[in-house]
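Chain A is the first sequence line, chain B the second, and so forth, proteins listed ahead of strands; every chain is numbered from 1.
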Amino acid sequence: MVQLRPRSSRVPAPAEAMVDEDQLGPEEEEEAEHGLLLGQPSSGAAAEPLDEDDDDDAPEELTFACAQAEAREEELRVRESVRRDKTLLKEKRKRREELFIEQKKRKLLPDAVLEQLTTASEADIKKSQENVKVHLKKESEHIAKGRNSKKVKIQEVHSASQNKSYLAVRLKDQELRDSRQEAAKHFIHNCLYGSESKRTTVNKFLSLNNKRLPVKKAAAQFLNSTWGAQKQQNARRFKKRWMARKMKKKTYK
Amino acid sequence: MPIFNLSSFSKRLKDKEWGMGEFKVHRVRFFNYVPSGIRCVAYNNQSNRLAVSRTDGTVEIYNLSANYFQEKFFPGHESRATEALCWAEGQRLFSAGLNGEILEYDLQALNIKYALDAFGGPIWSMAASPSGSQLVVGCEDGSVKLFEVTPEKIQFARNFDRQKSRILSLSWHPAGTHIAAGSIDYISVFDVKSGSIIRKMVLDRQHLGVTKSRCIVWGVAFLSDGTVISVDSVGKVQLWDSATGTLVKSHLIANADVQSIAVADQEDSFVVGTAEGTVFHFQLVSVTSSSSEKQWVRTKPFQHHTHDVRTVAHSPTALISGGTDTHLVIRPLMEKVEVKNYDAALRKITFPHRRLISCSKRRQLLLFQFAHHLELWRLGSTLATGKNGDTLPLSKNADHLLHLKTKGPENIICSCVSQCGSWIAYSTASRFFLYRLKYEHDNISLQRVSKMPAFLQSAVHILFSEDSRKLFVASNQGSLHILHLLEGSFKHLHTFQPQSGTVEAMCLLAVSPDGNWLAASGTSAGVHVYDLNHLKLHCTVPAYNFPVTALAIAPNTNNLVIAHSDQQVFEFSIPDKQYTDWSRAVQKQGFHQLWLQRDTPITHISFHPKRPMHILLHDAYMFCIIDKALPLPNDKTVLYNPLPPKNESDVFLRRTAHAFKISKIYKPLLFMDLLDERTLVAVERPLDDIIAQLPPPIKKKKFGT
């Protein structure tokens with residue numbers, strides 16, 4: 001097998017320099033050694049560098065040892081690049097892991113606060129009814145907004161349970177309760193003021209009284225903003241109908 | 001009469017001559033106060049008290065024996081929409097609402113004892129067992145839960161069979177063995193012992209041939225003979241036999257919902273309230289005059305409400321109703337009243353029996369208290385002069401200086417502005433706020449005084465001293481705190497602890513203009529007078545049966561004037577520790593009959609700085625100057641002056657006639673005070689303005705309109 005030798009073939013040197021010595025695993029190191037050992041005979045039979053002067057000559061034949069050494073070098077290079085990629089990936093993973101741990105730590109409340117929360121039993125907090133309920137989420141959002149743009153839910157509860165000016169509640173329960181309360185309110189409003197109830201407006205109601213009074217008074221509410229819109233709509237509708245009627249008549253004629 | 005423009009801030013300065021002097025009157029109508037609608041009433045037979053809950057969560061206690069005086073109240077809360085209210089175990093008050101909690105109120109300390117989650121979603125109904133030892137609640141998820149009332153708390157006992165839809169009304173059988181529960185389209189009867197459903201009665205949705213989408217049972221009542229009375233959204237009052245589950249009788253009484261029912265203890269009459277504002281009285285009467293067979297007959301309709309009657313109660317002698325139109329109406333039943341006196345008259349209570357307005361005389365400011373905010377206004381002024389009775393044009397309009405919103409969902413309990421106008425204090429159920437105001441030409445700056453001490457959590461009454469250097473706070477634990485106000489900060493001076501063994505909250509405070517004396521009164525105990533120089537209790541005014549409605553200490557003489565809910569007025573000399581001669585003379589002769597028959601309590605007392613013989617006081621319908629130098633009226637003299645005076649001699653005659661000079665021009669009058677020697681401020685709240693802001697009423701056809 002004849003191999004053409006590329007002109008500038010000093011590739012392995014920079015590749016080797018790039019590899020960090022301590023990053024090598026024991027197996028890889030062994031492999032490298034092995035490679036070097038294999039490459040040794042090629043270096044021993046390196047008598048060819050003579051033919052650098054004569055460019056016009058036909059491509060020279062390479063010895064098998066030389067070609068083998070080159071192939072080895074190539075192989076080594078590829079392996080090293082793979083190893084480099086691996087180590088880089090490892091490094092990256094390690095850094096991310098560290099970041100996660102850091103973030104977890106930041107998310108937690110300070111130790112002192114946690115201790116206080118566990119000591120003050122829930123029943124105690126609930127008892128003091130005058131406490132204002134503070135939605136923890138809201139507060140944390142406020143704090144997060146104020147401090148940094150990241151939406152990290154950081155809770156800063158200064159002296160929880162020391163001044164009982166608020167009550168800590170579990171957000172999940174509270175949301176459920178609020179939604180149920182809203183639904184109940186909606187139900188009662190729908191029953192009393194929904195479409196089936198025969199309600200009038202306050203203005204009409206007051207004018208009813210006024211109509212029966214011997215001395216007529218001014219209306220309680222002078223302006224009704226919906227009147228303008230209503231009248232315009234009526235006019236538009238009337239125009240449409242009128243036009244349609246006219247058109248019909250014309251076609252009949 | 002002046003013409004009022006209701007759509008804008010109307011304020012008139014009037015030169016009005018009446019009584020002993022001429023006054024310029026600031027007639028203020030921009031206090032945009034709307035009471036919240038009444039949701040529940042509960043009558044307690046033992047103590048003759050009435051508990052009233054409103055849609056904003058406020059609960060008020062009226063003492064029916066003390067001239068229907070509102071003696072206690074629990075401030076509202078945004079998330080605490082009360083749907084049910086009942087007395088149990090004697091005089092313990094419970095409420096339940098859409099937030100799913102059952103609350104018990106501490107009637108002594110005026111706070112909420114505890115809140116207990118029923119874990120059934122929003123609670124629509126609650127009823128106490130006839131013995132008072134058990135409570136049942138009906139929840140949104142269709143469960144009926146039984147609670148045992150223990151001496152300290154209530155404890156969940158068990159669930160009854162769960163229903164498909166929400167339980168909107170509940171009623172116990174008088175023997176305590178069965179419970180009727182009304183939900184949508186049907187009524188179920190439970191056996192208390194087993195907790196299982198034994199009867200289910202389905203209602204008809206038809207109303208005059210039109211089928212409605214649903215029939216909501218707004219109220220049920222269980223009678224001892226096993227009859228269940230139901231009221232529903234179709235407009236019917238129906239009587240059912242619970243043993244067989246059959247409909248016995250049906251009365252169609254309204255074109256709209258019938259929303260409430262209450263039965264008398266004797267079970268010979270019941271009352272229902274409709275969304276049209278009508279209250280119907282049903283009575284059990286004999287079919288013929290000789291037979292013993294009796295049947296329920298609709299006897300009397302009453303139309304005292306304009307809006308929905310959400311709740312009714314039946315006391316032994318009266319029908320009580322309340323609703324969206326914010327009136328509490330007490331209608332005595334003529335056949336049950338033994339003596340036909342003024343107690344048998346109709347009572348309509350609209351405004352709270354406490355002051356919502358405070359005034360800074362020096363800067364001519366008014367502070368208005370609403371449920372969730374305060375408003376500070378500066379009064380306008382005029383340069384014009386006019387005759388007696390003229391309406392003067394304003395040269396400078398009233399200014400809305402400040403709108404202060406509260407933080408959190410709690411309602412404001414009380415508020416006060418200092419005489420110099422540079423301090424504002426208010427309190428909610430859990431926090432106390434103090435603000436410092438600074439005036440620079442036309443703009444004002446507000447600064448909150450931070451770091452309030454721990455003991456200042458909630459106040460029942462707040463008062464600034466005349467020189468604005470001291471702040472008096474009555475807490476609901478019965479103690480009185482005195483703070484010394486400095487520029488932008490304060491110092492705690494002293495705390496008067498309550499008398500040993502009592503935890504009763506102090507509701508009213510008055511300080512003498514020289515700053516030496518402080519008078520405080522609780523809901524039932526007498527008036528205590530404290531010496532502020534030596535920081536000790538000076539004396540206690542002899543106890544009186546009726547609660548105090550207003551207190552004030554006169555300048556110079558240091559006479560304490562006390563008004564009680566039975567319309568008696570006493571004058572007590574603090575330095576001498578005894579009633580004054582004038583007060584004794586009044587008691588000996590007695591007040592005028594008409595004076596004692598007024599039905600709203602005196603809410604404010606003040607004094608004229610130049611005329612020591614005058615006492616100025618007002619209730620919701622009249623303003624009065626008592627001239628102690630003149631003879632007292634007896635029952636034969638005319639107490640009220642029906643017409644304005646026409647000429648000079650008329651004026652003179654009235655001036656010298658008797659001690660009580662009464663003006664009824666301004667009504668409903670929420671506040672009236674003397675700004676300076678010749679200027680009065682009167683804050684009115686016309687009822688039409690309130691109605692204009694209420695939810696829409698039911699449409700009714702009126703003949704001729």
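For B/Asn255, the parts sitting under 4.5 Å from any heavy atom of chain A are the backbone and the side chain alike. When heavy atoms are compared at a cutoff of 4.5 Å, B/Lys700 approaches chain A solely by way of its backbone atoms N, CA, C and O. With a 4.5 angstrom heavy-atom cutoff, B/Thr428 does not touch chain A via any of its atoms. Neither the backbone nor the side chain of B/Leu116 comes within less than 4.5 Å of any heavy atom of chain A. In this structure, no portion of B/Glu276 lies under 4.5 Å from any heavy atom of chain A. Only the side chain of B/Leu168 comes within less than 4.5 Å of a heavy atom of chain A; its backbone N, CA, C and O stay farther away.
Chain A forms the most heavy-atom pairs under 4.5 Å with one residue out of B/Gly100, B/Gly97, B/Pro695, and that residue is B/Pro695.
In this structure B/Phe94 satisfies the ring pair (Phe, Tyr, Trp, His ring centres under 6.0 Å) test with no other residue, sequence neighbours excluded. Here A/Ala184 pairs with B/Leu98, B/Pro122, B/Trp124, B/Glu140 under the side-chain contact (heavy atoms from CB on, under 4.5 Å) rule; sequence neighbours left out.
With hydrogens and angles disregarded, no donor-acceptor distance shorter than 3.5 Å links the side chain of A/Arg199 to the backbone of B/Pro697. In this structure a side-chain-to-backbone donor-acceptor pair under 3.5 Å is present from A/Gln181 to B/Ser79.
Among all heavy-atom pairs drawn from B/Ile691 and A/Val202, the shortest one is O-CG1, 3.5 Å.
Rounded to the nearest 0.5 Å, atoms CZ (A/Phe205) and CG (B/Leu694) are 9.5 Å apart. Taken to the nearest 0.5 Å, the CH2 atom of B/Trp218 stands 5.0 Å off from the CG atom of A/Leu192. Summarising the geometry, atom CD1 belonging to B/Ile216 is positioned 3.0 Å from atom SG belonging to A/Cys191; distances are rounded to the nearest 0.5 Å. Atoms CZ and CG, from A/Arg180 and B/Asp141 in turn, are 6.0 Å apart once rounded to the nearest 0.5 Å. Of the inter-residue distances, the one linking B/Lys701 atom NZ with A/Leu208 atom CG reads 8.0 Å to the nearest 0.5 angstrom. Note that NZ of B/Lys702 is 11.5 Å distant from NZ of A/Lys211, once rounded to the nearest 0.5 Å.
Within a 6.0 Å sphere centred on CD of A/Glu97, heavy atoms belonging to other residues, nucleotides or ligands number 12 at most. Shown here is A/Lys216, whose NZ atom has more than 12 heavy atoms of other residues, nucleotides or ligands within 6.0 Å. Within 6.0 Å of NZ in B/Lys212 there are more than 12 heavy atoms belonging to other residues, nucleotides or ligands.
A salt bridge is defined here as a Lys NZ or Arg NE, NH1 or NH2 lying under 4.0 Å from an Asp or Glu carboxylate O, and B/Glu83 with A/Lys185 fails to meet this definition. Classification of A/Lys198 and B/Asp257 as a salt-bridged pair fails, no side-chain N sitting under 4.0 Å from a carboxylate O.
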